[in-house]
Amino acid sequence: MSELKENFLNARRFALRIVLVQIGLALLAGLICFLLEGTGAGISALTGGAIGALASFYMVASMFRHGPKTEPAKVLRSIYQGEFFKLVLTAGLFALAIRFLEVSFGPMIGGFAATFVVYWVVLGLPSNVAVSED
C-alpha cells in the first residue's frame, strides 16, 4: 500500500473515531439529563447530540468520498460543499426536532454542544495521523 493511501485511510479512520466519540458523548449527555431531570430532558439531550454527530458524520463522508489521488481543488470543493450542507442539515434537523418532538431547548442545545467537546479535546492532543512531507 502506498504511503499516500495509508495516510488517507488513517485520516479517515481518525475522523470516524471522532464521530464515534461524539455518539458516546451524546449518549452520556442523554443519560445524565435523564438521571437529573427525567425522560424529556434525556431525550432532548440525546436528540441534540445525535444532530451534532450526524452532521459530523455527513462532513466526514463528504470529505473522504474521493480517493487519496484526487486533485486538491476537487477535495477543497468537497470540503466547502460539505460544510455548507452540514449547516443546512443541522438547521433542518433542529427544525424537525422542535416541530415534531417535545424537546426541551436547553438540554437539546447542551447535547449538541457536548459533541463539540470532542473537537476541543482532539485539537489539544498530538495527532496520531501520520502526514507525509512529500
Side-chain angles (χ1 to χ4, degrees):
M1 179 181 315
S2 73
E3 186 176 355
L4 178 63
K5 185 171 183 175
E6 186 176 336
N7 286 341
F8 176 83
L9 293 175
N10 284 339
R12 186 172 65 184
R13 278 191 290 268
F14 186 72
L16 287 171
R17 273 190 233 123
I18 289 172
V19 175
L20 288 175
V21 173
Q22 286 180 320
I23 292 169
L25 274 181
L27 292 169
L28 181 62
L31 178 63
I32 289 170
C33 286
F34 171 75
L35 293 174
L36 294 177
E37 299 291 327
T39 305
I43 291 172
S44 297
L46 187 58
T47 300
I51 290 170
L54 187 60
S56 292
F57 178 74
Y58 175 80
M59 188 64 198
V60 169
S62 174
M63 284 178 60
F64 291 100
R65 73 176 179 215
H66 304 293
K69 294 184 179 181
T70 304
E71 59 218 41
K74 191 171 187 177
V75 173
L76 188 59
R77 192 171 32 255
S78 291
I79 291 171
Y80 288 142
Q81 288 173 346
E83 197 61 47
F84 173 77
F85 286 113
K86 176 184 170 184
L87 290 172
V88 170
L89 177 66
T90 301
L93 289 173
F94 269 116
L96 289 172
I98 290 168
R99 173 71 172 97
F100 294 108
L101 301 175
E102 292 183 28
V103 292
S104 299
F105 192 72
M108 184 173 64
I109 291 298
F112 179 74
T115 62
F116 285 97
V117 171
V118 178
Y119 292 122
W120 299 333
V121 170
V122 167
L123 291 174
L125 297 174
S127 176
N128 67 346
V129 178
V131 178
S132 175
E133 304 252 345
D134 295 341

_Side chain S62, main chain Y58, donor-acceptor under 3.5 Å_ = no
_What verdict does the side-chain contact (heavy atoms from CB on, under 4.5 Å) test give for I51 and T90, after you've listed the backbone C-alpha separation in whole Å, the side-chain angles of each residue and the deciding distance to 0.1 Å?_
CA-CA 6 Å; I51 290 170; T90 301; 4.0 Å; yes
Please tell me whether [X] and [Y] are part of a single hydrophobic cluster in this structure, the criterion being side-chain heavy atoms less than 4.5 Å apart.
| X | Y | value |
| --- | --- | --- |
| F8 | L76 | no |
| L87 | M63 | no |
| L36 | L28 | yes |
| F105 | I32 | yes |

Flag yes if more than 12 heavy atoms outside [X] fall under 6.0 Å of its [atom1] atom; otherwise flag no.
| X | atom1 | answer |
| --- | --- | --- |
| Y119 | OH | yes |
| F57 | CZ | no |
| F85 | CZ | no |

*Looking only at non-hydrogen atoms, find the nearest pair between H66 and S78 and report the distance.*
NE2-OG, 2.8 Å
*Take F34 and L46 through the test side-chain contact (heavy atoms from CB on, under 4.5 Å) and record every step on the way to the result.*
CA-CA 9 Å; F34 171 75; L46 187 58; over 6 Å; no
_With rounding to the nearest 0.5 angstrom, report the CZ to CG distance, F94 to L89._
10.5 Å
